[in-house]
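In what follows, a structure is listed as structure tokens, so that the remarks can point back to it.
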Amino acid sequence: MNAVRVAAVGECMLELQGQPFGALRQHYGGDTFNAACYLARCSGARVSFASALGDDTLSDALLARWAGEGIGLDLVRRLPGRRPGLYQIEVDERGERRFHFWRHQSAARDYFDGLAPTPLEQAASGLDALLFSGISLAILPDAGRERLLRVAADLRAAGKLVAFDNNYRPILWPDADTARHWFERAFAVASLALVTTDDHQALFKLPTAQAACSAAQALPVPELALKRGAEPTRVGFEGRWVDVPTEPVPKVVDTTAAGDSFAGGYLSRRLAGASPEQAAAFGNRLAARVIQHPGAVIPVEAMRDLM
């Protein structure tokens, strides 16, 4: 039996961890890449990352590390003269993080540049699932967004799983109205929405977290996993809603990739045939493990018992 084939679309950047003018640890990450990495670790799926990199040594090093994680490189474009993006994470005493980005010249922005079909578009008919996010859309020009949504719509029409994670970063958008337009179109083609309440509240200017929760539950998506911080994760499927408890942790070290790891864990179980409740329970368990370590992609040794 062939392995389930999944494509995650987005950007993986170089990551610097540490305080300004202090010692910095170099790593890598990006929302859909983080999810793809955890999905690959926790399942037998064949997971590929659709993105663009340059032809420099940093891009070479990233590709080597992706391959080491079991991420397929068949959907990657190499753009001559370009480089990957960069971000720095600052973490406070509560584990909350602040990001500084250098990504405007990132090669990933031009993944859909040109008239020729991208590796993703060429491979789309053989995919079983697609994952993209609000950040995937934000970094692309309008023409690239249209092409990505066309791939998603075609897969959804073919009965494949199309997962959209609502990661909303206002700094990446010219204004909230533009972001809302593209998010609404993404929800319309998704068969699974992974929604963080805080982001939904901010994007749609809703007065309370409860209002954001109610609005998310009304989205026209067949399956929804609503992430509410430490509150139980609410999953909806076939007209039924269930709250799945999160897992408390003794100390939060770094909340980076909490939602991304949940997404990877959730998808790993859903693609293996588990129920939405079972998938959410595993996603919560994995996210609890991840936030007890620094950085977006934690050492594989720290999660051996979950794999």
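Numbers for residues simply follow the sequence, beginning at 1. Source: prediction; values computed, not measured. Basis for what follows: all heavy atoms, side chains included, without hydrogens, waters or symmetry-related copies.
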Is there side-chain contact between [X] and [Y], with at least one heavy-atom pair below 4.5 Å?
X	Y	value
Ser191	Phe164	no
Phe112	Glu121	yes
Leu267	Leu192	yes
Leu286	Tyr38	yes
Leu130	Leu161	no
Asp110	Arg82	yes

How about [X] and [Y]: does a side-chain donor come under 3.5 Å of a side-chain acceptor?
X	Y	answer
Asp74	Ser48	yes
Gln217	Arg234	yes
Glu231	Thr246	no

Look at the side-chain heavy atoms of Ile, Leu, Val, Met, Phe, Trp and Tyr, link any pair under 4.5 Å apart, and say whether [X] and [Y] land in one connected group.
X	Y	result
Leu306	Ile291	no
Val76	Leu140	no
Val9	Val221	yes
Val6	Met307	yes
Val47	Leu131	yes

(message) Apply side chain to side chain contact (heavy atoms under 4.5 Å, CB included) to residues Arg240 and Val242 and explain how you reach the verdict.
(response) CA-CA 7 Å; Arg240 187 168 63 94; Val242 178; 3.3 Å; yes
(request) Sequence neighbours left out, what passes side chain to side chain donor-acceptor pair (under 3.5 Å) with His27? Give chain and number order. (result) none
(request) Evaluate side chain to side chain donor-acceptor pair (under 3.5 Å) for Gln201 paired with Thr208, printing each intermediate quantity in order. (result) CA-CA 7 Å; Gln201 181 179 355; Thr208 63; 5.9 Å; no
(request) Step by step, work out the side chain to side chain contact (heavy atoms under 4.5 Å, CB included) result for Gln122 and Thr118. (result) CA-CA 6 Å; Gln122 292 175 322; Thr118 63; over 6 Å; no
(request) Report yes or no: is the cationic atom of Arg180 (NZ for Lys, CZ for Arg) closer than 6.0 Å to the six-membered ring centre of Phe183, at no more than 45° off its axis? (result) no
(request) Test the Arg269-Phe282 pair against the cation-pi criterion, namely NZ or CZ under 6.0 angstrom from the six-membered ring centroid and within 45° of the ring axis. (result) yes
(request) Could you give me the CA-CA distance, side-chain angles and deciding distance for Leu14 and Gln26, then say whether side chain to side chain contact (heavy atoms under 4.5 Å, CB included) is met? (result) CA-CA 7 Å; Leu14 300 171; Gln26 189 177 12; 4.2 Å; yes
(message) Working to the nearest 0.5 angstrom, can you tell me the gap between Arg109 CZ and Arg103 CZ?
(response) 6.5 Å
(message) Show every salt bridge (Lys or Arg N to Asp or Glu O under 4.0 Å) that has at least one partner inside residues 192-213, sequence neighbours left out.
(response) Arg169-Asp199
(request) Could you list all the salt bridge (Lys or Arg N to Asp or Glu O under 4.0 Å) pairs where at least one residue sits in residues 289-304, not counting sequence neighbours? (result) Arg289-Asp305
(message) Just checking Arg83: does its CZ atom have more than 12 heavy atoms from other residues, nucleotides or ligands closer to it than 6.0 angstrom?
(response) no
(request) Give a yes or no on whether Glu247 atom CD has more than 12 heavy-atom contacts from other residues, nucleotides or ligands under 6.0 Å away. (result) yes
So that I can tick it off, tell me whether [Y] and [X] are bridged by a salt bridge, with the cut-off set at under 4.0 angstrom between side-chain N and carboxylate O.
X	Y	value
Glu15	Arg25	no
Arg5	Asp128	no
Arg147	Asp142	no

(request) Report the relative orientation of the aromatic rings in Phe187 and His200; use parallel for angles under 30°, tilted for 30 to 60°, perpendicular for over 60°. (result) perpendicular
(request) Over 60° means perpendicular and under 30° means parallel, so classify the ring planes of Phe49 and Trp66, tilted if in between. (result) perpendicular
(message) So, applying salt bridge (charged side-chain N to carboxylate O under 4.0 Å, His left out) with Arg78, which one of Asp60, Asp56, Asp55 is it?
(response) Asp60
(message) Quick one: does any side-chain atom of Ser261 pair with a main-chain N or O of Ala258 as donor and acceptor, under 3.5 Å?
(response) yes
(message) Using modelled atom types and a 3.5 Å cut-off, is there a donor and acceptor pairing between side-chain atoms of Asn284 and backbone atoms of Pro245?
(response) yes
